[in-house]
Amino acid sequence: QVQLVESGGGLVQAGGSLKLSCAASGRTFSLYAMGWFRQAPGKEREFVGAISRSGSSTYYPDSVKGRFAISRDNAKNTVYLQMNSLKPEDTAVYYCAGKLVAGTGYYIGNYDYWGQGTQVTVSS
């Protein structure tokens with residue numbers, strides 16, 4: 001079992017940047033592809049991006065492509081989400097998630113483990 005803990009959220013002005021971290025417990029972190037999701041009030045949880053087990057592949061939806069970047073450090077059991085050029089519509093609770101199914105898929109049902117989330121608020 002893997003436990004995930006996000007950190008790094010906060011309040012930022014539009015156009016600013018934030019870097020989220022997600023620390024995983026256990027010694028099998030490298031077996032999990034990792035994803036980031038977000039959920040705004042009253043909306044469904046939305047896929048933000050994913051990274052493969054080795055970190056060699058990433059995938060992003062058009063809504064964040066070119067602004068967000070995911071990386072991971074398997075030696076530190078940590079995955080990161082660098083967010084640049086933030087917009088007010090990026091405001092949400094951000095979650096990291098891990099899945100044993102290989103690949104950088106966006107299907108939420110494939111993710112086995114979830115963190116508790118961290119709030120990101122972008123002011124206009």
Exercise for the section: With side chain to side chain contact (heavy atoms under 4.5 Å, CB included) as the test, would you mind laying out the steps for E46 and S63 before giving the verdict? Expected result: CA-CA 10 Å; E46 175 189 15; S63 58; 3.6 Å; yes
Practice task
Could you check S17 against N84 for side chain to side chain donor-acceptor pair (under 3.5 Å), going step by step and ending with a plain yes or no?
Solution key: CA-CA 4 Å; S17 298; N84 300 322; 3.0 Å; yes
Problem - Check against side chain to side chain contact (heavy atoms under 4.5 Å, CB included), V120 and D90 - result: CA-CA 8 Å; V120 172; D90 294 318; 5.6 Å; no
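With sequence neighbours excluded, the residues forming a side chain to side chain contact (heavy atoms under 4.5 Å, CB included) with V93 are Y95, Q119, listed by chain and number.
In terms of heavy-atom proximity, Y60 sits nearest to V64 at CB-CG2, 4.1 Å. Taking all atoms of both residues into account, the shortest heavy-atom contact from G105 to Y111 is O-OH, 2.7 Å. The nearest pair of heavy atoms linking L20 to G9 is CD2-N, 3.5 Å. Closest approach of K99 and D112 over heavy atoms only: CA-OD2, 3.4 Å. Here the shortest heavy-atom pairing between Q116 and L4 reads OE1-O, 3.6 Å. Between F47 and T104, the closest heavy-atom pair is CZ-O, 4.2 Å.
Of the possible polar contacts, one joining the E6 side chain to the C96 backbone as a donor-acceptor pair under 3.5 Å is found. Without hydrogens or angle criteria, T78 side chain to K76 main chain gives a donor-acceptor distance under 3.5 Å. Between the S25 side chain and the Q3 main chain, a donor and an acceptor come within less than 3.5 Å of each other.
A salt bridge links K65 and D62; the closest N-O separation between the charged side-chain nitrogens and carboxylate oxygens is under 4.0 Å.
In the hydrophobic clustering of this structure, V2 groups with V79; members are Ile, Leu, Val, Met, Phe, Trp, Tyr whose side-chain heavy atoms approach within less than 4.5 Å, directly or through other members.
For R53 and F29, the positive end is not near the middle of the six-membered ring at less than 6.0 Å and at most 45° from its axis.
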